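To start, the structure itself, in structure tokens.
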2 protein chains.
Amino acid sequence: MVSESTDLRVIKTRAAIEMTFLDLLLQKKFNALTVKDIASAARIGRGTFYLHFLDKYDLLEKVIDEGLNETVERFHPRTYFVDGKVSFDRITGFVQTMFRHFKKNDRFFRAMFFNEDIPMFRQRMQERFLSKFQQEIGQMNLPVIEKDPLMLKIMPIFVSSAMIGLLSWWFEQQAKISEEEIARRILVIMTQGPLRALGLDV
Amino acid sequence: MVSESTDLRVIKTRAAIEMTFLDLLLQKKFNALTVKDIASAARIGRGTFYLHFLDKYDLLEKVIDEGLNETVERFHPRTYFVDGKVSFDRITGFVQTMFRHFKKNDRFFRAMFFNEDIPMFRQRMQERFLSKFQQEIGQMNLPVIEKDPLMLKIMPIFVSSAMIGLLSWWFEQQAKISEEEIARRILVIMTQGPLRALGLDV
DNA sequence: TAATTATTGAACACAGTGTTCACTATGAGC
DNA sequence: GCTCATAGTGAACACTGTGTTCAATAATTA
């Protein structure tokens with residue numbers, strides 16, 4: 001089956017398949033896509049498809065993995081906190097960088113978020129976000145670790161999940177809200193809490 | 001096609017199909033399920049299935065809708081705020097009630113959250129949560145509406161999305177963490193913000 | 001009980017799957 | 001450039017599931 005090949009023919013074929021696949025996903029439901037559709041749009045024989053992927057689910061899996069790998073790598077080892085104190089500038093900068101990345105890889109994220117029946121894309125993405133987030137927090141030596149370990153579990157889940165939802169909504173809005181605008185609101189919610197962010201008296 | 005029938009045979013058949021369907025979803029991937037599987041497990045003819053549903057996607061749709069309708073109805077018209085001030089007890093009580101509901105409808109939520117390829121369950125659920133949430137907030141006449149309408153959009157998305165993620169995690173933990181424990185943490189995150197909740201200096 | 005209608009099961013054409021095989025074409029390495 | 005290895009082709013194959021039909025049967029209603 002698939003092993004890392006340097007043969008130009010292989011590289012071309014795979015690229016054609018993956019490209020075409022994203023294109024088709026932007027037009028059609030994943031469930032409605034057939035291997036035949038993909039093969040003919042990629043201008044390869046249907047049998048050739050099976051030389052590279054087990055089936056369309058395998059293809060989807062690989063495309064998702066590649067996309068998320070690239071994304072998570074952007075979370076690069078920076079610290080947004082200095083001595084347990086929030087660096088507002090760093091967080092804001094980080095959020096902006098992330099949203100810029102999403103905008104750049106627009107095609108991938110649109111295909112994944114808005115195709116009605118991509119199995120598990122959001123879950124996958126959230127898992128990746130979460131584990132990276134937990135890693136970062138793990139290195140921070142927080143007082144809450146001893147005092148309230150459950151909070152240490154819950155908060156990253158809460159936040160990573162929230163971010164995926166926000167991201168999806170942002171794409172729905174044609175990603176026309178600027179990174180700065182979003183980043184500022186996120187910072188307020190993160191530091192003051194959702195209720196105070198709405199102007200509620202707490 | 002389907003219209004509300006009172007014929008006992010119809011009621012029985014539909015109930016059998018929907019019951020069986022949930023059972024099968026707890027054992028098998030949705031994609032791997034065939035109409036034949038469902039029909040034979042429900043002890044009906046395959047043709048009979050098509051007298052009630054267009055296909056397995058239609059069935060899924062209907063089961064999801066019913067489940068979410070029941071759930072959203074629990075959000076019943078209460079106010080968790082009094083004169084723009086948070087009522088901690090009411091929010092806590094509300095969150096606990098919700099989690100109790102989830103526990104009771106365990107079979108449904110497990111089937112939906114953990115079946116690897118249920119198309120769109122989380123999205124659907126989030127949409128329903130969000131719209132209910134927005135309704136509630138809309139009735140509250142908040143100062144932020146004028147000052148920062150974008151925040152009014154973002155915050156409910158952030159929170160409803162976060163809640164779905166938390167819920168899914170809770171089920172993964174076999175729902176063995178008590179409603180009280182969860183509710184307390186959620187309240188802290190909501191009122192103080194995720195960062196302060198972790199004990200960070202903001 | 002009679003009339004109605006839901007269910008049955010077998011048959012049908014159809015579409016997509018994943019595999020195979022002999023043949024062709026194209027890149028890799030000398 | 002030439003040669004060898006191998007990727008891609010396209011047609012054929014059996015197979016599984018789909019969604020529909022139809023006459024016969026069973027259950028429900030009134």
Side-chain angles (χ1 to χ4, degrees), chain A residues 1-25 27-64 66 115-120, chain B residues 1-25 27-64 66 115-120:
Chain A
M1 245 215 30
V2 175
S3 63
E4 279 146 71
S5 168
T6 48
D7 192 318
L8 231 180
R9 290 170 294 180
V10 173
I11 293 168
K12 269 191 196 164
T13 304
R14 291 214 189 131
I17 292 175
E18 298 194 1
M19 271 294 198
T20 305
F21 182 56
L22 270 196
D23 280 341
L24 292 178
L25 280 183
Q27 301 164 26
K28 231 176 151 179
K29 284 187 174 191
F30 174 75
N31 281 331
L33 268 187
T34 67
V35 173
K36 198 182 152 195
D37 290 339
I38 299 167
S40 76
R43 297 165 186 283
I44 59 162
R46 194 168 63 86
T48 308
F49 178 92
Y50 291 104
L51 292 169
H52 297 277
F53 303 96
L54 290 172
D55 50 32
K56 66 172 180 169
Y57 300 97
D58 185 45
L59 169 59
L60 176 65
E61 200 104 336
K62 278 169 181 152
V63 169
I64 288 183
E66 283 168 29
N115 201 292
E116 264 200 19
D117 42 21
I118 294 281
M120 302 285 285
Chain B
M1 249 219 31
V2 175
S3 63
E4 280 146 72
S5 169
T6 48
D7 192 318
L8 232 179
R9 289 169 295 181
V10 172
I11 293 168
K12 270 190 195 164
T13 304
R14 291 212 189 132
I17 292 175
E18 298 194 1
M19 271 294 198
T20 305
F21 182 55
L22 271 195
D23 280 341
L24 292 178
L25 280 183
Q27 302 163 26
K28 231 177 150 178
K29 285 187 175 191
F30 174 75
N31 281 331
L33 268 187
T34 67
V35 172
K36 198 182 151 195
D37 290 339
I38 299 166
S40 76
R43 297 163 187 284
I44 59 162
R46 194 167 64 86
T48 308
F49 178 92
Y50 292 104
L51 292 168
H52 298 277
F53 303 97
L54 291 172
D55 50 33
K56 67 171 180 170
Y57 300 97
D58 185 44
L59 169 60
L60 176 66
E61 200 104 336
K62 278 170 183 153
V63 169
I64 288 183
E66 282 168 29
N115 201 292
E116 264 200 19
D117 43 21
I118 295 279
M120 302 286 283

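From a predicted model like this one, the values you see are computed outputs, not experimental measurements. Residue numbers begin at 1 in each chain, while the letters A, B, ... track the order of the sequences. Atoms considered below: every heavy atom in the structure, side chains included; atoms not considered: hydrogens, waters and symmetry mates.
- Rounded to an integer number of Å, the gap from Tyr50(A) OH to dG16(C) P is 11 Å.
- Comparing atom distances between the Arg46(A) side chain and each of dT28(D), dA7(D), dG18(C) picks out dG18(C) as nearest.
- In terms of phosphate contacts, Thr48(A) brings a side-chain nitrogen or oxygen within less than 4.0 Å of OP1 or OP2 of dT9(D).
- Note that the NZ atom of Lys56(A) and the CG atom of Leu24(A) stand 11.0 Å from one another [nearest 0.5 Å].
- Contact annotation: His52(A) side-chain N/O to dA7(D) OP1/OP2 distance is not under 4.0 Å.
- Put simply, CD1 on Ile11(A) is 16 Å from P on dT6(D), counting in whole angstrom units.
- The distance from atom CG of Asn115(B) to atom CG of Leu33(B), rounded to the nearest 0.5 Å, is 7.5 Å.
- Side-chain N/O atoms of Thr13(B) include one lying less than 4.0 angstrom from OP1 or OP2 on dT7(C).
- Taking atom CZ of residue Phe49(B) and atom P of nucleotide dT8(C), one finds them 13 Å apart after rounding to whole Å.
- Look at CG on Asn31(B): it is 16 Å from P on dG16(C), rounded to the nearest Å.
- Whole-Å rounding puts the Leu51(B) CG to dT21(D) P distance at 11 Å.
- For the pair Asp7(B) and Asp7(A), nearest-nucleotide mapping onto DNA chain C gives the more 5' position to Asp7(B).
- Along DNA chain D, the nucleotide closest to Thr6(B) and the one closest to Gly47(B) are compared, and the more 5′ of them pairs with Gly47(B).
- Spacing between atom CD1 of Ile17(A) and atom C1' of dA7(D) amounts to 12 Å, rounded to whole angstrom units.
- Listed nucleotides: dT28(D), dT17(C), dG17(D). Nearest to the side chain of Thr34(A): dT17(C).
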Exercise. Any chance you could lay out the side chain to side chain contact (heavy atoms under 4.5 Å, CB included) test for Val35(A) and Phe53(A), step after step, and finish with the verdict?
Key: CA-CA 10 Å; Val35(A) 173; Phe53(A) 303 96; over 6 Å; no

Quiz item: Could you go step by step and tell me if Val63(A) and Glu66(A) meet the side chain to side chain contact (heavy atoms under 4.5 Å, CB included) rule?
Solution: CA-CA 5 Å; Val63(A) 169; Glu66(A) 283 168 29; 5.6 Å; no

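- The closest side-chain donor-acceptor pair between Asp37(B) and Thr34(B) falls under 3.5 angstrom.
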Exercise. Dump the intermediate steps for side chain to side chain contact (heavy atoms under 4.5 Å, CB included) on Ile64(B) and Ile118(B), then the final yes or no.
Key: CA-CA 10 Å; Ile64(B) 288 183; Ile118(B) 295 279; 4.1 Å; yes

Practice problem: Could you walk me through whether His52(B) and Val10(B) pass side chain to side chain contact (heavy atoms under 4.5 Å, CB included), step by step? | Solution: CA-CA 9 Å; His52(B) 298 277; Val10(B) 172; 3.8 Å; yes

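- When heavy atoms are screened at a 4.0 angstrom cut-off, Lys12(A) is found touching the sugar-phosphate backbone but no base atom.
- Closest of all the heavy-atom pairs between Ala42(A) and Ala16(A) is CB-O, 3.9 Å.
- An angle of 50°, rounded to 10°, separates the two end axes of the helix from dT1(C)-dA30(D) to dC30(C)-dG1(D), each defined over five pairs.
- Distance, Lys36(B) NZ to dA10(C) P: 13 Å, rounded to whole Å.
- One interatomic measurement links the two molecules: CG of Asp55(B) to C1' of dT16(D), which rounds to 17 Å at whole-angstrom precision.
- In the set dT20(D), dA6(C), dT9(D), the nucleotide with an atom closest to the side chain of Ile44(A) is dT9(D).
- Taking the side chain of Arg9(B) as heavy atoms from C-beta on, and the options dT29(D), dT7(C), dG27(C), the nearest nucleotide is dT7(C).
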